[in-house]
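Have a look at the structure below, then the notes.
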Protein chains: 2
Amino acid sequence: MEALAKVTTAVPPSETLLPGAKQLLRDVSSPRPNCSTCNMLQWCIPANVEPENRRAIDQLVAKRLKLRKGETLFRPGEKFSTLFSIRLGSVKTVLLAEDGRDQVSGFHMAGDVIGTDGIGSEHHECQAIALEDTEVCAIPYSRIEELEHASPQVLRNMHRMLAEEIGRERRVMLMLGTLRADQRLAAFLIDLARRYHARGYSSSEYVLRMTRDEIGSFLGLKLETVSRLLSRLHREGVIQVQGRIIKILDPVALKHLIETSV
Amino acid sequence: MEALAKVTTAVPPSETLLPGAKQLLRDVSSPRPNCSTCNMLQWCIPANVEPENRRAIDQLVAKRLKLRKGETLFRPGEKFSTLFSIRLGSVKTVLLAEDGRDQVSGFHMAGDVIGTDGIGSEHHECQAIALEDTEVCAIPYSRIEELEHASPQVLRNMHRMLAEEIGRERRVMLMLGTLRADQRLAAFLIDLARRYHARGYSSSEYVLRMTRDEIGSFLGLKLETVSRLLSRLHREGVIQVQGRIIKILDPVALKHLIETSV
DNA sequence: CGCCGTCTTGACGAATCTCAAATAAAGTGG
DNA sequence: CCACTTTATTTGAGATTCGTCAAGACGGCG
């Protein structure tokens, strides 16, 4: 795996970046987090940074945090100050309404940057919860803003990320408003495949990190419907499902499903 | 009404701000658009501007445009350079998918600023179409950025607007993912009432500017469902519907409907 | 006045949800 | 590592919601 085993449970008093509950999260800033040797660098905020800024990016990450499954990274209303780059694991974001309704608004995997929802309003709008044991780099937004001035590439990366985020939300809206249940599920499976592929994994086989209930919440469906539709696609030979292991057998049929009207 | 009747059909060659189709829109920059005497000022980007910046804001608006019902202000893919503040009338924004699906993503009324979807990506992401005869102020984004440096109030207003936009999209997602048809419609009617009220109009009676089909598209429903549900709410005494005239008779019942599980 | 786009309403069917029970998988403590 | 508990998943039957198709009414406008 990696040399990240040593978990320092004590929070160093020097940099109290994270208020409240987050103090409980395990800080795993081994000796010192170091972007330039990080193997997630190519996906992250300082990707392809100019040679002259190489040294600067090692000042970017304040600390690394380790979350156990189910732990919360930030909550709605919390003051925004930090973006989090997922190094390892996966995270769901959940929207909460005043009346108690809630909905999974996204699933995020290694290489994704989360917390961007706070940039506009100074406060987080959703809750981020680890779907499995997860490690994130905490990057103070103020440092990003500084580096944006020095590095056009960092600015470009940030813009790309924010634009992707907006595009993602837009696709979700279109999906919820215009697609049937089976089409939503197909779109979901294809999107996951695409994202795993982009990270160098197989695009035809992967393991779901979330429950049927969480998938249903994201897609605006009940968990039983998700389960039934997975079974149906399996029966039809389009995919193969074994618990959370998904194999896409006929990607063309899957894509076609989204476009067919009945 | 207002002193806006004189429509100059000729586009002055001086400032060719808007490319392509937009040249066809009628420029109604009477002598010169003037924010400081505009009666929409309190809702707009330079609202509550500092006294020392009063003169600067009159350089903000490049021109005023008049759209007839059905005309398009901008389209997906078009280069972003300008925000539009609605002075009069109303506009819908429409998302388009590659496969032909489309969905109304929002309804915008006088006082709303549209075009913000282009800020992140440099290109517009949706199509803006006038629902009725409409007048907008075209505000070059570069001028806003300049003014943001001089005026903390303008910066604040911009942030507020963008945060509101994000919050609005978030609420739409939650609505589409978690509410039944009747609850969506109730939420829609309440939202319109709230927005009209904020603009000084009655919160219990208003005229819809869009068709049942457009409401359905926005809510992820078919037009027949929208019509049936309006009739049902009318029958139940919660609202009164006469064509596009809506009267909210029992706002409490309407709000309650959203929270009841069946 | 007649046309056309919009709206309403009914009947029917398909999609999706609810409730319930059985099964499978994952986590826990000895 | 096993037995036990808890959680997650599958599947069925029946109810409900919503969409589809079709016919007619309404209303603005040339």
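Each chain gets a letter, A, B and so on, in the order its sequence line appears, and its residues count up from 1.
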Would a distance-only check, ignoring hydrogens and angles, find a side-chain to backbone donor-acceptor pair under 3.5 Å from A/Q183 to A/I258?
yes
Could you pull out all residues at least two apart from A/R101 that satisfy salt bridge (Lys or Arg N to Asp or Glu O under 4.0 Å)?
A/D99
Can you measure B/L229 atom CG to D/dT17 atom C1' for me and round it to whole angstrom units?
10 Å
State which residues pass side chain to side chain donor-acceptor pair (under 3.5 Å) with B/R199; sequence neighbours excluded, sorted by chain then number.
B/D112
Within residues 95-105 of chain A, which residues have any heavy atom lying less than 4.0 Å from an atom of DNA chain D?
none
Students often get this wrong, so: under 4.0 angstrom with heavy atoms, is B/G216 touching a base, only sugar-phosphate, or nothing?
nothing
Side-chain donor-acceptor pairs under 3.5 Å in residues 245-257 of chain B, sequence neighbours left out?
from, atom 1, to, atom 2, distance (Å)
B/D250, OD1, B/V252, N, 3.4
B/D250, OD1, B/A253, N, 3.1

Ring-plane angle category for A/H124 and A/F74, please: parallel below 30°, perpendicular beyond 60°, tilted otherwise.
parallel
Please tabulate, for the side chains in residues 102-110 of chain B, all donor-acceptor contacts under 3.5 angstrom to protein atoms that are two or more places apart in sequence or on a different chain.
from, atom 1, to, atom 2, distance (Å)
B/Q103, NE2, B/S217, O, 3.4
B/S105, OG, B/T93, O, 3.2
B/S105, OG, B/T93, OG1, 3.1
B/H108, NE2, B/T93, OG1, 2.9

For the helix from C/dC1-D/dG30 to C/dG30-D/dC1, figure out the bend between the end axes, five pairs an end, and round to 10 degrees.
50°
Listed by chain and number, what are the side chain to side chain donor-acceptor pair (under 3.5 Å) partners of A/E169, not counting sequence neighbours?
B/R170
Expressed in angstrom and rounded to an integer, what is the separation of A/K222 atom NZ from D/dA8 atom P?
16 Å
Its contact letters, B for base, S for sugar-phosphate only and - for none at protein heavy atoms under 4.0 Å, make nucleotides 4-10 of chain C read --SSBBB
All N/O donor-acceptor pairs, side-chain side in residues 223-231 of chain B, below 3.5 Å, sequence neighbours left out:
from, atom 1, to, atom 2, distance (Å)
B/S231, OG, B/S227, O, 3.1

Quick tally for nucleotides 25-30 of chain D: nucleotides whose base has a protein heavy atom under 4.0 Å get B, sugar-phosphate-only ones S, the rest -, giving ------
Contacts of A/R194 that satisfy salt bridge (Lys or Arg N to Asp or Glu O under 4.0 Å) - sequence neighbours left out
A/D191
B/L176 CG to D/dC18 P, straight-line distance once rounded to whole Å
13 Å
Not counting sequence neighbours, list each pair that qualifies as a salt bridge (Lys or Arg N to Asp or Glu O under 4.0 Å) and has a residue in residues 201-221 of chain B.
B/K92-B/E214, B/E132-B/R209
